[in-house]
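Not measured: the values here are computed from a predicted model.
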Amino acid sequence: MKVRLGYVAMSSMLQDCSPSKTVTASNLVKIDSQEARYSRLLSLARENLHNTMRLFLHNQAHDVKVFRLTSKLIPLATHPLAEDWNWYDQLQEQLASLGEYARKNGFRLSAHPDHYTLLNSPRDEVIAASLRDLEYHHQIFQAMKMDSSAKLVIHVGGSYKNKKESVQRFKENFALMPADIRSQIVLENDDKIFTVADVLDLCYQMNIPMVLDIHHHWCNNQGDNISDYFADIISTWKQEPFPPKVHVSSPRNKKNIRAHADYVDVEFFMSFINQIRDYNTDIDIMIEAKQKDGALFQLMNDLKKVRSIKILDEASILVG
DNA sequence: ACCTGTCAAGTCTGG
DNA sequence: CCAGACTTGACAGGT
């Protein structure tokens, strides 16, 4: 089975290459004319897209095919201050060339709308804001001309003191989402509320692929053994062009187990690989570590010493 | 050049 | 009922 490694949003190796530059709302309102505000936002966005292309070139040069785009590509895109800013038309060309490069090189791209995107909130305004945020992410991929294999990874949401009702609300609100957005959404187990078992159940009912986060499972598992779920998690991806996706990170330390460590521990990584190798399925692993691509390449280097695997290129391995 | 408090957004906890 | 934590990179304003 082939295992490809990827990383999140930004490089710790490239200097001055942030794809997430922004301006604060309070600073933007200091600019008097609407036109000048939008032009400030536009130039930041262009810089972010330019740096994203640099990241793509860097990734391609080092065989990294799995990558998550930052949610901050277009500054304040869903903020009321930018409501009438037509970023889509202005950036369409630049986004299209990113998409073209990504497809040409077989990149697997995703995005991870942040924790404010909650499809199971009981509050209408939260649902509306969440839909806006999902539409924003969807538009980015649309401008890049990517299909629904470019996924939006989200969590189920809050517990609102009643998990059962909260899951029910997720199902109802998810069903109300536009179909093109629905087909892009995948669900991930979280580190506090919805376990692998919870999310897997929901994914089966709603026909949604499931991203397994091994670190979150470690924090939130109700005593479940993860290997009992591998077969079912894998099969949620069977209709998809890409193999199952797994998030891997090491806990920062004993005191702060939910935070991500700088690097991924090779023993920790291999203990997961050794559990899943019997299932003989290709997988893509998103390395979630503070050192980003630095952590990915460090892990690849550490893996050279592991005899039971074969190094295929700078960012993928073969597990026998 | 470097440091620190703050940031658009929601939920949950603890006082 | 309200303030603060949660998590994160980057800004903004200070030294």
Side-chain angles (χ1 to χ4, degrees), chain A residues 7-31 37-38 40-41 43-52 55 67-85 87 111-137 152-163 165-167 169-170 173 188 190-194 213 215-216 219-220 247 249-253 255-262 286-295:
Chain A
Y7 68 99
V8 176
M10 59 188 290
S11 169
S12 65
M13 301 164 77
L14 300 181
Q15 297 299 302
D16 246 322
C17 195
S18 168
S20 309
K21 290 172 75 74
T22 188
V23 59
T24 57
S26 61
N27 236 7
L28 191 68
V29 294
K30 291 180 193 162
I31 300 173
R37 286 180 189 180
Y38 290 166
R40 173 86 187 112
L41 292 170
S43 71
L44 284 165
R46 288 208 187 283
E47 205 177 336
N48 289 342
L49 296 179
H50 175 75
N51 284 339
T52 300
L55 288 162
F67 186 62
R68 180 191 300 167
L69 295 182
T70 174
S71 289
K72 298 183 179 128
L73 266 189
I74 317 295
L76 303 185
T78 58
H79 192 279
L81 278 172
E83 206 167 13
D84 297 321
W85 173 36
W87 59 266
H112 198 339
D114 71 28
H115 284 37
Y116 300 111
T117 296
L118 295 155
L119 288 188
N120 75 340
S121 173
R123 295 167 54 202
D124 288 345
E125 62 272 31
V126 175
I127 299 297
S130 299
L131 177 56
R132 264 203 309 282
D133 194 50
L134 289 169
E135 271 168 348
Y136 155 70
H137 286 90
L152 307 179
V153 183
I154 61 170
H155 296 289
V156 181
S159 74
Y160 308 94
K161 297 191 176 120
N162 186 332
K163 265 170 83 171
E165 283 176 19
S166 300
V167 167
R169 264 199 316 279
F170 178 93
N173 290 329
E188 176 191 346
D190 67 74
D191 55 1
K192 275 177 150 164
I193 304 161
F194 294 99
D213 188 308
H215 180 189
H216 289 166
C219 300
N220 179 27
H247 293 171
S249 50
S250 306
R252 185 146 198 82
N253 51 48
K255 188 120 184 85
N256 198 0
I257 59 161
R258 300 211 328 273
H260 294 160
D262 290 351
M286 185 65 82
I287 299 295
E288 295 186 327
K290 272 194 120 54
Q291 287 302 312
K292 311 292 178 187
D293 51 341

Open item on the list: Can you tell me which residue among L134(A), V126(A), L131(A) is in a side chain to side chain contact (heavy atoms under 4.5 Å, CB included) with L119(A)?
Closed with: L134(A)

- [ ] For the residue pair H215(A) and E288(A), establish whether any side-chain heavy-atom pair is separated by less than 4.5 Å.
- [x] no

Open item on the list: Show the nearest heavy-atom pair for residues L73(A) and Y136(A), with the distance to one decimal.
Closed with: N-OH, 3.6 Å

Open item on the list: Among residues 117-131 of chain A, which ones have heavy-atom contacts with DNA chain B below 4.0 Å?
Closed with: L118(A), S121(A), R123(A), V126(A)

TODO: Report the distance from atom CD1 of I193(A) to atom P of dT11(B), rounded to the nearest whole Å.
DONE: 10 Å

Task: Inter-residue atom distance R46(A).CZ - N51(A).CG, 0.5 Å rounding - done: 14.0 Å

Task: Interface with DNA chain B, restricted to residues 155-162 of chain A and to heavy atoms under 4.0 Å - done: G158(A), S159(A), Y160(A)

Task: Under 3.5 Å donor-acceptor, H112(A) side chain and V153(A) backbone - done: yes

Task: Start and end of chain A contact along DNA chain C [non-hydrogen atoms, under 4.0 Å] - done: dC6(C) to dG13(C)

Task: Heavy-atom donor-acceptor pair, N173(A) side chain to R169(A) backbone, under 3.5 Å - done: yes

TODO: Would you write the dot-bracket representation of DNA chain B, where each base gets (, ), [, ], | or . depending on whether it forms a Watson-Crick or G-U pair under 3.5 Å and with which partner?
DONE: |||||||..||||||

Open item on the list: Please report the distance separating the C1' of dG4(C) from the corresponding atom of dT6(B), rounded so that it comes out in whole Å.
Closed with: 14 Å

Task: Stretch residues 71-82 of chain A: residues that reach within less than 4.0 Å of DNA chain B through a heavy atom - done: T78(A), H79(A)

Open item on the list: Quick check for you: to the nearest 0.5 Å, what is the distance between T117(A) atom OG1 and L152(A) atom CG?
Closed with: 9.5 Å

Open item on the list: What's the gap between dG10(B) and dA10(C) when it is taken at their P atoms, as a whole Å value?
Closed with: 23 Å

- [ ] Strictly below 4.0 Å, heavy-atom distances to any atom of DNA chain C: list the hits from residues 21-31 of chain A, or just say none.
- [x] K21(A), T22(A), V23(A), T24(A), N27(A), K30(A)

- [ ] Could you tell me whether the side chain of F194(A) reaches within less than 4.5 Å of the side chain of S166(A), counting heavy atoms only?
- [x] yes

- [ ] Specify the separation, in whole Å, of atom CG of D190(A) and atom P of dG10(B).
- [x] 18 Å

- [ ] Write down the distance between CG (L134(A)) and P (dG10(B)), rounded to a whole number of angstrom.
- [x] 14 Å

Task: 4.5 Å side-chain heavy-atom contact, V156(A) and I193(A) - done: no

Task: Main-chain N/O of E188(A) paired with H155(A) side-chain donor or acceptor, under 3.5 Å - done: yes

- [ ] Please measure how far the P atom in dC1(C) lies from the corresponding atom in dA8(B), and state the result in whole Å.
- [x] 27 Å

Open item on the list: Can you tell me if Y116(A) is stacked onto the base of dA9(B), using a 5.5 Å centroid cut-off and an angle below 30°?
Closed with: yes

Task: Distance between P atoms of dG14(B) and dT7(C) (Å, rounded) - done: 14 Å

